[in-house]
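Presented below is the structure to which this report refers.
The model shown is predicted, which means the values in this text are computed figures rather than measured ones.
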Amino acid sequence: MLKNRSGRLFTPVFAALFGGACFLCRGAARGLLCDDCGAELPRLEGARCPRCALASPGGAVCGRCLARPPRYDATVAALAYEFPADVLVHALKFGGELALAPLLGALLSEAVSAAPRVHCVLPVPLSRQRLAERGYNQAAELARPLAAAAGASLELFACERSRDTPQQADLPWSERAKNMRGAFRCDRGLAGKSVAVVDDVMTTGATLDELASALKEAGAARVVNWVVARTLPPGAD
Ligand SMILES: [Zn+2]
Ligand SMILES: [Zn+2]
């Protein structure tokens, strides 16, 4: 048995795959999660701002997006970034648990099933250095099943990080937009294309905003964010 960084116990994916144990609670499971844990995932429900996916009365564009419009056009998130979604996302991102990608990808695919069609699906790129350290890009692993389900082309190399940036998670929220400025370069012509950008977690949206800007400079007509989990501001739902 392993402990993740927050000290919670979880079973490696291979046990869930071959031993019939739920990844979260170790109870009997047919898939990676038992029915109870699957049902208890913190799905984002209720009226949400179409731009940023935070709660908004009547589903109208929220005051924050009206005051400072982000450069992406829409955001769809499947889950709130809270327990136990955080455990799953963390295990995929840092624990090498790649078998979680199809599960989280399927949840996201369900969430975007009613969204307008896109031409291409593009994961948020990692820097070469971080990709070499981690060995995989969790966003790319999520983007694969999504592109297939959406019947869209998978663009793994259309964009890259033009410079390495400190981890956003290590910075205060107020510093994150500045940290990301000019971080992406897109060489692929995307004239008139509708692009879905896939990531595991959206917190301030600074990374996605900067990437949307680079994609629009490359000609993209519309950029939407498809994220597994949305960090909610304190007190929000
Ligand atoms: Zn369970
Ligand atoms: Zn908003």
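Atom CZ of F184 sits about 4.0 Å away from atom CZ of R161, to the nearest 0.5 Å. Distance check, rounded to the nearest 0.5 Å: CG of D209 to SG of C52 gives 11.5 Å. Remark: L142 CG to S109 OG distance equals 11.5 Å, nearest 0.5 Å. The CD atom of E82 sits 10.5 Å away from atom CG of L41, with the distance rounded to the nearest 0.5 Å. Rounding to the nearest 0.5 Å gives a distance of 5.5 Å between CZ of R144 and CG of L156. With values rounded to the nearest 0.5 angstrom, F23 atom CZ is found 8.5 Å from L33 atom CG.
The shortest side-chain heavy-atom distance between L108 and L146 falls under the 4.5 Å cut-off. A 4.5 Å side-chain heavy-atom check between C34 and C25 finds at least one atom pair inside the cut-off. Side-chain contact between L232 and L44 is present, with heavy atoms from C-beta onward closer than 4.5 Å. For the pair V118/V112, no side-chain contact is recorded, criterion being any heavy-atom separation below 4.5 Å from C-beta on. In this structure the side chain of L211 reaches within 4.5 angstrom of the side chain of P125, judged on heavy atoms. Side-chain contact between L79 and V89: absent, with no pair of heavy atoms (C-beta onward) separated by less than 4.5 Å. No side-chain heavy atom of L190 sits less than 4.5 Å from a side-chain heavy atom of H119. Contact of the Q138 side chain with the L104 side chain is not registered, since no non-hydrogen atoms from C-beta on lie closer than 4.5 Å.
Panel note: side chain R51, backbone L66; no donor-acceptor pair is recorded below 3.5 Å. The backbone N or O of V227 lies less than 3.5 Å from no partner atom in the side chain of N225, so there is not a single donor-acceptor pair. Between the side chain of E210 and the backbone N or O of G182 there is at least one donor-acceptor pair closer than 3.5 Å. Here the side chain of R48 pairs a donor or acceptor atom with the backbone of E45 at under 3.5 angstrom. Side chain of K93 to backbone of D200: no donor-acceptor contact under 3.5 angstrom is found. Side-chain atoms of Y136 come within 3.5 Å of backbone atoms of G96 as a donor-acceptor pair (strictly under, hydrogens ignored). The closest donor-acceptor contact from the side chain of D73 to the backbone of V224 lies at 3.5 Å or more, if one exists at all. R230 contributes no side-chain N or O that, together with a main-chain N or O of V201, makes up a donor-acceptor pair within less than 3.5 Å. In this structure a side-chain-to-backbone donor-acceptor pair under 3.5 Å is present from S113 to E110.
Residue-environment remark: CZ (R128) stays at or below the threshold of 12 foreign heavy atoms within 6.0 Å. Environment of CZ in R71: crowded, with over 12 heavy atoms of neighbouring residues, nucleotides or ligands closer than 6.0 Å.
In plain terms, the two heavy atoms of C62 and C49 that are nearest each other are N-SG, 3.3 Å. Considering all non-hydrogen atoms of both residues, L100 and A91 come closest at CD1-CB, 3.6 Å. Of all non-hydrogen atoms in V61 and S56, the two that sit nearest each other are C-OG, 4.3 Å. Across all non-hydrogen atoms, the minimal contact from R117 to A150 is NH2-O, 3.4 Å. Across C120 and E155, no two heavy atoms sit closer than the pair CB-CG, 3.6 Å. Closest heavy-atom contact between P42 and A85: CG-CB, 3.9 Å.
Taking hydrophobic clusters as Ile, Leu, Val, Met, Phe, Trp and Tyr residues chained together by side-chain heavy-atom distances below 4.5 Å, L88 shares a cluster with V76. In the hydrophobic clustering of ILVMFWY residues, with side-chain heavy atoms under 4.5 Å counting as a link, L126 and L92 come out apart. Follow the hydrophobic side-chain contacts under 4.5 Å out from L131 and you never reach F94; the two are in separate clusters. Both L32 and F83 belong to a common hydrophobic cluster when Ile, Leu, Val, Met, Phe, Trp and Tyr are linked at side-chain heavy-atom distances under 4.5 angstrom.
Applying the side-chain contact (heavy atoms from CB on, under 4.5 Å) test between V197 and each of V121, T75, T207, V124 identifies V124 as the sole match. Here the options are V198, L154, L215, the test is side-chain contact (heavy atoms from CB on, under 4.5 Å), and the partner is L122; only L215 passes.
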Stepwise, does the disulfide bond (SG atoms under 2.5 Å apart) test hold for C159 with C186?
CA-CA 4 Å; C159 266; C186 298; 1.9 Å; yes

Kindly determine whether D35 and R30 satisfy side-chain contact (heavy atoms from CB on, under 4.5 Å), including the steps that lead there.
CA-CA 8 Å; D35 292 347; R30 280 164 295 172; 2.9 Å; yes

